Amino acid sequence: MSILPPPDTGFDLDVPILIVGAGACGLVAALTANDAGAEVLVVEADAAPSGSTALSAGLIPAAGTRFQREAGIEDTPELFAQDIQKKAKGENPQDLVDLLAEKSGTVIEWLADKFDLPFSVVTDFDYPGHSRRRMHGLPTRAGRELIDRLRTACEAQGIDIICNRRATSLFAEGDIVKGVRLEGPNGTEDVGCGTLILACNGYGGNRAMVRKFMPEIENAVWFGHDYNQGDAVTWGEALGAETLHLGAYQSHGNVAHPQGILITWAVITQGGVQVNLNGARFWDESQGYSEAARAVLAQPEGIAWTIFDSRIAGIARQFQDFKDAEAIGAIRTADTLTKLAEVTGLPKDALTQTITRIPTDGPDVFGRSFLGEPLKPPYCAVKVTGALFHTQGGLRVDQDARVCKTDGGVLKNLFAAGGAAVGVSGSGDSGYLSGNGLLAATVLGHIAGSAAANDMKEEHGHA
Ligand SMILES: Cc1cc2nc3c(=O)[nH]c(=O)nc-3n(C[C@H](O)[C@H](O)[C@H](O)COP(=O)(O)OP(=O)(O)OC[C@H]3O[C@@H](n4cnc5c(N)ncnc54)[C@H](O)[C@@H]3O)c2cc1C
């Protein structure tokens with residue numbers, strides 16, 4: 001049962017603020033609440049903080065930061081909000097978009113200043129749909145570094161993170177959450193709490209929910225964290241919470257196959273193309289990497305080859321994933337298109353025609369315009385497929401990240417953020433703007449942590 005009455009025998013432990021999930025969202029929420037003077041406990045199902053956050057490139061979009069100003073980039077939350085809504089065709093709740101865009105800069109600078117996260121802005125290529133360069137990342141441009149630095153910051157602040165504890169049920173009395181049942185190596189433990197923050201991401205690891213809400217991507221490789229089982233949605237719905245856009249997700253159509261390594265979309269935005277096993281292009285790649293999964297999976301064998309050149313490989317090499325893909329031979333190189341056909345097994349004449357016919361002025365037959373330099377030898381190619389990265393639907397939250405109910409009220413002491421809450425990616429797979437995932441994880445996590453700490457202060461008469 002997902003919702004239980006509080007145990008007759010009381011709880012094994014009581015904490016003011018309990019956070020389920022130690023991804024970017026949970027750890028940012030914990031740092032924020034702790035910074036505001038509240039006592040927090042984070043519980044995590046996995047053996048160590050990791051989550052989808054560790055699998056990501058760790059790039060967080062933010063507008064109006066000093067990192068942008070230092071790089072000569074003028075940006076505003078309003079522009080950012082417009083970009084988010086444009087990509088999602090205006091399908092997102094405007095108040096949520098405005099909130100995330102408005103607070104994004106503050107959160108990045110706060111993490112940098114308070115916890116020494118050395119962010120810099122990506123300045124050498126554009127992400128589709130972003131009208132300004134606003135992706136902020138750590139030196140390795142890898143989510144592993146982001147989660148490790150957040151965990152180190154939590155440890156330095158004395159925040160307890162208990163791993164190997166999966167929350168299996170919530171305790172509630174009416175609308176009020178009372179605690180959580182955890183399963184761990186020593187059996188079950190019941191933890192009571194004043195406030196609960198759900199930071200346990202979405203439902204991409206739950207095949208039944210994927211089949212139900214997004215059947216078109218059911219057969220894609222699952223690339224996110226396996227513990228993302230949709231617990232927030234299951235618990236929320238049982239408590240009368242409102243959900244939104246459960247069919248929304250981010251996928252990626254540039255995952256090296258069979259190695260399963262993410263190949264940065266920069267190889268496309270810089271002028272690369274995708275061809276199918278017949279050596280033919282099949283879509284306008286500039287639409288974005290999320291839509292690319294559906295486009296690639298619809299090709300023979302669900303496979304494509306992404307073709308680019310050594311100049312572009314030089315840019316992609318700032319990503320550890322790309323370097324890893326090169327190190328294990330996933331990236332093939334050749335001095336001529338004939339040799340490229342040999343190393344990929346693609347039909348030589350078709351491949352040559354496809355690459356030599358890429359227009360340098362004006363749009364191609366798919367409507368894509370190539371504004372950068374044309375592809376030049378030596379050429380590079382990587383065999384790719386489509387993967388599901390994470391879901392974007394979830395619990396509807398208010399401006400404090402408090403969970404909204406279907407009857408118009410809120411669940412007073414239940415917060416949701418990151419992949420547990422509805423994101424700002426519209427209702428399907430094409431509304432995802434790069435970075436929407438970590439934007440919701442870090443910014444909404446910060447908002448949830450701050451509001452939860454405020455509630456605690458008010459409750460104890462310190463406000
Ligand atoms: C390959 C890949 C690349 C990506 N690249 C980017 C990118 O560059 N930029 C970007 O913005 N987004 C990116 N994303 C998306 C981004 O990773 C997620 O949106 C973000 O990490 C979500 O953070 P989170 O804290 O909500 O979830 P997570 O990081 O997944 O953390 C949730 C945690 O909750 C735990 N958990 C779940 N259920 C329970 C339970 N019942 N009890 C206890 N613990 C539980 C899980 O074990 C997990 O550790 C990428 C995703 C993938 C898969």
Side-chain angles (χ1 to χ4, degrees), residues 2 18-30 42-62 100 104 122 127 135-138 141-144 146-147 150-151 161-170 180-184 191 196-206 221-235 249-252 254-255 260-265 289-290 319 321 387-392 394 416-421 423-425 432-445 448:
S2 64
L18 181 61
I19 300 174
V20 177
C25 176
L27 298 189
V28 170
V42 186
V43 291
E44 165 57 50
D46 208 349
S50 177
S52 286
T53 303
L55 304 171
S56 78
L59 294 175
I60 312 171
L100 296 183
S104 59
V122 176
Y127 278 85
M135 297 300 269
H136 294 71
L138 296 168
R141 306 289 193 242
R144 182 80 259 169
L146 176 62
I147 200 76
L150 289 172
R151 194 202 61 225
I161 304 171
I162 307 186
C163 294
N164 287 313
R165 297 292 188 287
R166 181 173 180 79
T168 52
S169 308
L170 296 199
V180 159
R181 172 157 291 170
L182 301 175
E183 262 174 27
V191 180
L196 182 66
I197 300 179
L198 296 175
C200 46
N201 208 337
Y203 38 93
N206 183 325
V221 177
W222 164 237
F223 221 66
H225 193 252
D226 285 340
Y227 284 112
N228 297 168
Q229 290 292 326
D231 295 324
V233 168
T234 307
W235 292 327
Y249 60 94
Q250 186 224 328
S251 43
H252 208 296
N254 212 27
V255 171
I261 299 177
L262 171 64
I263 305 297
T264 171
W265 198 243
Y289 53 69
S290 186
F319 291 94
D321 280 344
L388 172 61
F389 273 20
H390 53 128
T391 52
Q392 286 289 292
V424 285
S425 305
Y432 186 85
L433 184 68
S434 293
N436 274 359
L438 285 171
L439 174 73
T442 54
V443 178
L444 215 50

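In listed order, ligands and their atoms are each counted from 1. Just so we're clear, the structure is a prediction, and the values are computed from it rather than from any experiment.
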Looking at Asp231, Leu27, Asp46, Leu150, the heavy atom closest to atom 41 (N) of ligand 1 belongs to Asp231
Note: ligand 1 atoms sitting under 4.0 Å from heavy atoms of Tyr227 are 37 (C), 38 (N), 46 (C), 47 (O)
Between the OG atom in Ser434 and the CE atom in Met135, the distance rounded to the nearest 0.5 Å is 5.0 Å
**Asked** Just wondering, do Val255 and Val221 contact through their side chains at under 4.5 Å, heavy atoms?
**Response** no
The atoms of ligand 1 lying under 4.0 Å from a heavy atom of Gly21, numbered in the order shown, are 33 (C), 34 (O), 35 (C)
among protein heavy atoms, the one nearest atom 13 (C) of ligand 1 is Ser56 CB, 3.7 Å
If we number the atoms of ligand 1 from 1 as shown, the ones under 4.0 Å from a heavy atom of Gly418 are 26 (O)
Of all protein heavy atoms, the one nearest atom 18 (C) of ligand 1 is His390 ND1, 4.0 Å
Among non-hydrogen protein atoms, atom 26 (O) of ligand 1 lies closest to Gly419 N, 3.0 Å
May I ask you to test the Leu262-Phe389 pair for a side-chain heavy-atom distance under 4.5 Å? yes
Quick note on ligand 1: atoms under 4.0 Å from a heavy atom of Gly58 include exactly 8 (O)
of all protein heavy atoms, closest to atom 39 (C) of ligand 1 is Cys200 CB, 3.7 Å
Contact region, Ala420 to ligand 1, non-hydrogen atoms below 4.0 Å, reads neither
* Asked: Would you call Leu150 and Pro49 a side-chain contact if the rule is heavy atoms closer than 4.5 Å?
  -> no
### Task
Please check if the side chain of Ser290 supplies one atom and the backbone of His252 the other of a donor-acceptor pair under 3.5 Å.
no
of all protein heavy atoms, closest to atom 32 (C) of ligand 1 is Ala199 O, 3.4 Å
With heavy atoms and a 4.0 Å threshold, my read on which part of Tyr289 contacts ligand 1 is neither
Rounded to the nearest 0.5 Å, the CG atom of Asn228 sits from the CG atom of Leu388 at a distance of 10.0 Å
The reported gap from CD1 in Ile19 to CD1 in Ile197 (rounded to nearest 0.5 angstrom) is 4.5 Å
Please check whether Ala441 reaches ligand 1 - meaning an N/O of the residue sits under 3.5 Å from an N/O of the ligand, judged on distance alone. no
for atom 19 (O) of ligand 1, nearest protein heavy atom and its distance come out as Gly437 CA, 3.1 Å
Atom 25 (O) of ligand 1 has as its nearest protein heavy atom Cys25 N, 2.9 Å
Checking heavy atoms under 4.0 Å, the part of Arg165 that sits near ligand 1 is backbone
When you compare ligand 1 with Trp235, is there at least one nitrogen or oxygen pair between them that comes in under 3.5 angstrom?
no
Ligand 1 atoms nearer than 4.0 angstrom to some heavy atom of His225 are 46 (C), 47 (O), 48 (C)
One finds that the ligand 1 atoms under 4.0 Å from a non-hydrogen atom of Ala45 are 43 (C), 44 (N), 45 (C)
Do any N/O atoms on Leu59 end up under 3.5 angstrom from N/O atoms on ligand 1?
yes
**Study point:** Backbone of Gly205 reached by a side-chain donor or acceptor of Asp226 within 3.5 Å
**Key:** no
Note: Leu438, heavy atoms under 4.0 Å from ligand 1, region reported as both
Is there a polar contact between ligand 1 and Thr53, counting only N or O atoms under 3.5 Å apart?
yes
Problem set entry | Gly435 N/O to ligand 1 N/O under 3.5 Å | yes
Close side-chain approach of Arg141 to Thr264, heavy-atom, < 4.5 Å:
no
A side-chain contact here means heavy atoms from C-beta on lying under 4.5 Å apart; do Leu146 and Ile60 qualify? yes
The closest protein heavy-atom partner of atom 47 (O) of ligand 1 is Glu44 OE2, 2.6 Å
Close N or O approach (Leu439, ligand 1; < 3.5 Å):
no
A student checking ligand 1 against Gly224 at a 4.0 Å heavy-atom cut-off should list atoms 53 (C)
So for Asn228 against ligand 1, with non-hydrogen atoms under 4.0 Å, the contacting part is side chain
**Item:** Ala167 N/O to ligand 1 N/O under 3.5 Å
**Value:** yes
inquiry  = Does any part of the side chain of Val43, heavy atoms only, come nearer than 4.5 Å to the side chain of Val191, both counted from C-beta?
reply    = no
Interatomic distance, OG1@Thr391 vs CG@Asn201, rounded to 0.5 Å, equals 6.0 Å
Min side-chain heavy-atom separation Leu444-Leu100 under 4.5 Å: yes
**Q.** Polar contact flag for Ser52 and ligand 1 (N/O pairs, less than 3.5 Å)
**A.** yes
Keeping Glu44 on the side-chain end and Asp46 on the backbone end, is there a donor-acceptor pair under 3.5 Å? yes
Given the options Phe223, Tyr203, Tyr432, Tyr249, His390 meets ring-ring contact (aromatic ring centres under 6.0 Å, His included) only with Tyr432
Worksheet item: Is a side-chain N or O of Thr53 found less than 3.5 angstrom from the main chain of Ala24, in a donor-acceptor match?
Response: yes
Side chains of Gln250 and Asn436: closer than 4.5 Å at any heavy-atom pair? no
